[in-house]
Amino acid sequence: MSTELTESAVPPPTEHSAAPSRRTFIATTTAVGGAVVAGGLMTGPAALAAETGAAEAPPSSRVSLTVNGKRHALTVDNRTSLLDLLREHLDLPGSKKGCNAGACGACTVLVDGRRVNSCLTLAVRLEGAEVTTVEGLADGDGLHPLQQAFIEQDAFQCGYCTPGQIMSGVGCIQEGHTGSADEIREWMSGNICRCGCYVKIVRAVEQTAHGK
Ligand code: FES
Ligand code: FES
């Protein structure tokens with residue numbers, strides 16, 4: 001990259017900003033970095049990758065699994081989470097990405113009947129698994145009883161946490177952890193609701209479990 005291009009990429013200081021601003025600093029370092037690369041100063045693996053044309057493709061694997069009763073076989077990057085597999089590869093965006101770090105429960109799905117945080121689950125480890133997402137709960141036009149209970153109890157506000165809450169609630173009921181409101185709260189504690197709908201969420205789980 002020529003000196004001329006490097007200089008033109010950096011905006012001149014204005015009379016109000018004699019000292020370099022954060023923006024001009026970033027522009028300068030980006031331009032200089034580009035000039036160094038273009039000037040042939042790269043060494044090591046980066047230089048090798050540039051000479052061979054491109055970086056190596058990341059390792060990938062073939063995986064077959066069933067999602068909401070439908071069999072899928074696909075090849076994915078080994079680092080792909082189940083959440084990204086569902087949302088990006090299978091066009092099932094019901095499971096939400098909140099923290100992407102196992103802390104909020106927005107991505108909760110059932111794998112072989114057990115609740116999991118899909119953001120922390122590697123897709124390639126699910127060979128032969130049966131996955132159920134919120135899209136797979138309804139029976140045609142008939143909502144799952146817990147989906148219906150969420151509506152009747154008005155158990156959501158923005159709705160972002162709701163798919164995870166419902167999947168976790170289904171798991172909680174199947175596991176039998178619904179003896180009391182306190183027990184439901186304890187076993188649903190991995191599902192965070194920023195809107196604070198916890199009281200109504202617990203009521204919806206109770207209604208479904210006990211017909212209350
Ligand atoms: S997105 Fe998975 S736990 Fe928050
Ligand atoms: S309804 Fe908004 S985060 Fe739970």
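For ligands, and for the atoms within them, numbers begin at 1 and follow the listed sequence. Since this is a predicted model, take the numbers as computed values, not measurements.
- Distances below 4.0 Å separate heavy atoms of Cys99 from the following atoms of ligand 1: 1 (S), 3 (S), 4 (Fe).
- You'll find the side chain of Leu74 reaches within 4.5 Å of the side chain of Leu85, heavy atoms only.
- Between the OH atom in Tyr198 and the CG atom in Asn191 there is a gap of 8.5 Å [rounded to 0.5 Å].
- Atoms of ligand 1 found under 4.0 Å from any heavy atom of Cys119 (numbered from 1 in listed order, with element): 1 (S), 2 (Fe), 3 (S).
- Side-chain contact between Met167 and Thr132 is present, with at least one heavy-atom pair separated by less than 4.5 Å.
- With a heavy-atom cut-off of 4.0 Å, Ala103 touches ligand 1 through its backbone alone.
- For ligand 1, the atoms sitting less than 4.0 Å from at least one non-hydrogen atom of Asn100 are 1 (S), 4 (Fe), numbered in the order shown with element in parentheses.
- Between Cys161 and Ile192 there is no side-chain heavy-atom pair separated by less than 4.5 Å.
- Val111 is connected to Val124 through a chain of hydrophobic side-chain contacts under 4.5 Å among Ile, Leu, Val, Met, Phe, Trp and Tyr, so both are in one cluster.
- Less than 4.0 angstrom separates some heavy atom of Gly159 from each of these atoms of ligand 2: 1 (S), 2 (Fe).
- Residues Gln174 and Leu110 are in side-chain contact: their nearest non-hydrogen atoms beyond the backbone lie under 4.5 Å apart.
- When each of Val134, Thr133, Leu137 is paired with Asn68, the side-chain contact (heavy atoms from CB on, under 4.5 Å) condition holds for Thr133 and for no other.
- Taking backbone and side-chain atoms together, Cys158 has an N/O/S atom less than 2.8 Å away from atom 2 (Fe) of ligand 2.
- Those atoms of ligand 1 that come under 4.0 Å of a heavy atom in Cys107, given as number and element, are 1 (S), 2 (Fe), 3 (S).
- For the pair Asn117 and Thr108, the minimum side-chain heavy-atom distance is below 4.5 Å.
- The shortest contact between atom 1 (S) of ligand 2 and any protein heavy atom is with Gln157 N, 3.2 Å.
- Contact of the Gln165 side chain with the Phe150 side chain is registered, since non-hydrogen atoms from C-beta on lie closer than 4.5 Å.
- Among all protein heavy atoms, the one lying closest to atom 3 (S) of ligand 2 is Arg194 N, 3.2 Å.
- Close approach to Cys193 involves these atoms of ligand 2, each under 4.0 Å from a residue heavy atom: 1 (S), 3 (S), 4 (Fe).
- Below 4.0 Å from some heavy atom of Cys161 lie the following atoms of ligand 2, by number and element: 1 (S), 3 (S), 4 (Fe).
- Close approach to Gly102 involves these atoms of ligand 1, each under 4.0 Å from a residue heavy atom: 3 (S).
- Close approach to Cys104 involves these atoms of ligand 1, each under 4.0 Å from a residue heavy atom: 1 (S), 3 (S), 4 (Fe).
- For Cys197, every N, O or S atom stays at 2.8 Å or more from atom 4 (Fe) of ligand 2.
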